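Each chain gets a letter, A, B and so on, in the order its sequence line appears, and its residues count up from 1. Predicted, not measured: the structure shown is a model, and the values here were computed from it.
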There are 2 protein chains.
Amino acid sequence: MSTQPAKGKSKTEILEAAVPLFAEAGFKGVTMRAIARTVGLNAATIYHHFQDKQTLYIAAMAHAFARKAEILSAALLSDAPPADRLEQFVAALCQLVHDDPDFGKLIQREILAGDAVRLRLLAEQVFREFFTSLVALCKELAPGYNPHMLAVSIIGLVAYHYQVIPLRQHQPGSKPEHNDPRFVTGHVTHLLLQGIMVRQGGEQKSSSAWTASG
Amino acid sequence: MSTQPAKGKSKTEILEAAVPLFAEAGFKGVTMRAIARTVGLNAATIYHHFQDKQTLYIAAMAHAFARKAEILSAALLSDAPPADRLEQFVAALCQLVHDDPDFGKLIQREILAGDAVRLRLLAEQVFREFFTSLVALCKELAPGYNPHMLAVSIIGLVAYHYQVIPLRQHQPGSKPEHNDPRFVTGHVTHLLLQGIMVRQGGEQKSSSAWTASG
DNA sequence: GTCTATATGCTGATAGAC
DNA sequence: GTCTATCAGCATATAGAC
């Protein structure tokens with residue numbers, strides 16, 4: 001909270017060094033010495049800024065997840081028609097996980113770690129608001145579906161594509177373009193809105209769902 | 001390979017003790033002592049059966065993934081119509097990840113670990129065959145879609161629902177029934193085949209896609 | 001095959017000089 | 001605020017008795 005003008009390394013610098021390290025190797029895979037080396041400090045100095053490793057880790061999570069919630073919420077709050085809001089949200093989510101791979105990795109690691117307290121905080125303080133907005137959109141867009149399940153499916157379609165890149169890049173038909181946020185947005189939006197059963201003779205490229213933002 | 005009739009603990013017993021431990025805590029989160037304690041041995045004895053921890057870990061992965069490939073392939077090889085084969089596959093995948101949570105966790109951990117050699121082995125020796133069959137089904141079922149992307153989407157819709165249970169259980173609208181393989185199968189199959197745009201007045205419960213297996 | 005004992009290294013964390 | 005020096009604990013892995 002207090003500004004530190006050119007007066008030693010700040011807590012923020014330590015956090016910004018720690019986030020990618022924790023994303024890549026997890027809590028036990030990162031040593032205090034490694035974080036200190038990255039930020040250009042001695043390991044003991046970290047303990048002047050943070051009580052212990054656990055405290056530093058939680059602060060790093062909070063720093064990594066800050067502002068993500070409002071980015072996701074914002075895409076859901078336009079006054080466009082429901083189908084367009086869906087596409088805007090899918091596009092925003094694709095862009096987010098594409099531009100910040102650490103974000104997805106840290107969430108996966110938190111899920112695997114399975115700490116009940118931290119998971120509850122993550123669910124309530126980071127995802128609750130935007131998830132509720134997404135559920136509302138699902139109710140409006142597809143009243144026949146279970147809105148909770150549909151919301152999870154929408155997020156999952158995007159998140160999974162980026163999550164399994166290290167595996168699916170070895171599978172037949174994989175191309176680098178498939179990681180382009182616009183390409184994933186087009187695929188996911190069309191699949192959600194139209195489903196698999198394309199009418200024979202139907203030209204899907206002419207569907208408005210394939211265009212990026214209009 | 002050699003049978004050991006009632007002659008000390010077998011390698012298989014060690015592997016079957018190690019798999020759930022590695023799934024729960026990851027490579028660095030599991031000590032040789034913990035594995036030994038679980039199987040009822042001294043830590044040093046493990047080194048009589050396995051060269052080192054890394055070798056034991058890879059053997060445990062191979063043991064955990066054995067036979068999974070053919071379970072998934074089998075569901076794709078019936079002579080039913082494409083849409084029914086899709087539902088059979090979705091049902092089989094739901095059942096698999098529901099009955100064996102370790103399976104999904106270990107795959108996630110391997111993806112996060114990011115070892116290029118191990119990921120290539122996993123992709124080629126465990127998933128290649130069934131993924132190729134799924135891509136073929138996608139081409140047959142939905143020629144208008146990119147088959148690679150569609151195959152990933154199908155797997156992702158199922159895998160993601162089970163993967164994020166620890167997070168989505170804290171979100172509004174979550175119910176325990178949503179983890180039932182039959183429920184997830186119904187939701188995913190209907191979403192894939194029909195998409196979101198349900199016709200007004202259409203009664204989705206009457207769709208054959210909602211019924212479990214006929 | 002299984003054990004005890006132990007070597008060796010790395011880790012989180014602290015004490016205290018500057 | 002940052003450093004050096006250091007401790008105590010635990011990890012992997014080995015040596016060798018039984």
Could you tell me how far apart I46(A) (CD1) and dG12(C) (P) are, to the nearest whole angstrom? 11 Å

Once you round it to whole Å, what is the distance between P of dT4(C) and CZ of R33(B)? 12 Å

Quickly work out the N42(A) CG to dA13(C) P distance and round it to whole Å. 15 Å

Of the nucleotides dT12(D), dT11(C), dA15(D), which has the atom closest to the A44(B) side chain? dA15(D)

Is the ring pair F65(B)/F127(B) parallel, tilted or perpendicular, if the boundaries are 30 and 60 degrees? tilted

Let's see if you can work this out: which of dC3(C), dT14(C), dT12(D) has an atom nearest to the side-chain heavy atoms of L41(B)? dC3(C)

Please report the distance, rounded to the nearest Å, between CD in E13(B) and P in dT2(C). 9 Å

What's the CD1-C1' distance between I14(A) and dG1(D), to the nearest Å? 10 Å

Value in whole Å for how far the P atom of dC10(D) lies from CZ of R37(B): 12 Å

So what does T45(A) hit on the nucleic acid, given a heavy-atom distance under 4.0 Å: a base, only sugar-phosphate, or nothing? base

Quick one: K53(B) NZ to dA13(D) P, roughly how many Å, whole number? 8 Å

Compare the minimum distances between each of dA5(D), dA13(D), dT2(D) and the side chain of H49(A), then state the nucleotide with the smallest one. dT2(D)

Is the closest side-chain donor-acceptor distance between Y145(A) and H190(B) under 3.5 Å? yes

Please work out whether the ring planes of H98(B) and Y162(B) are parallel, tilted or perpendicular, with thresholds of 30° and 60°. perpendicular

Presence of H48(A) side-chain N/O under 4.0 Å of dC3(D) phosphate oxygens OP1/OP2: no

Heavy-atom donor-acceptor pair, H178(B) side chain to K175(B) backbone, under 3.5 Å: yes

Would you kindly give the CD-to-P distance between Q51(B) and dT14(D), to the nearest whole Å? 8 Å

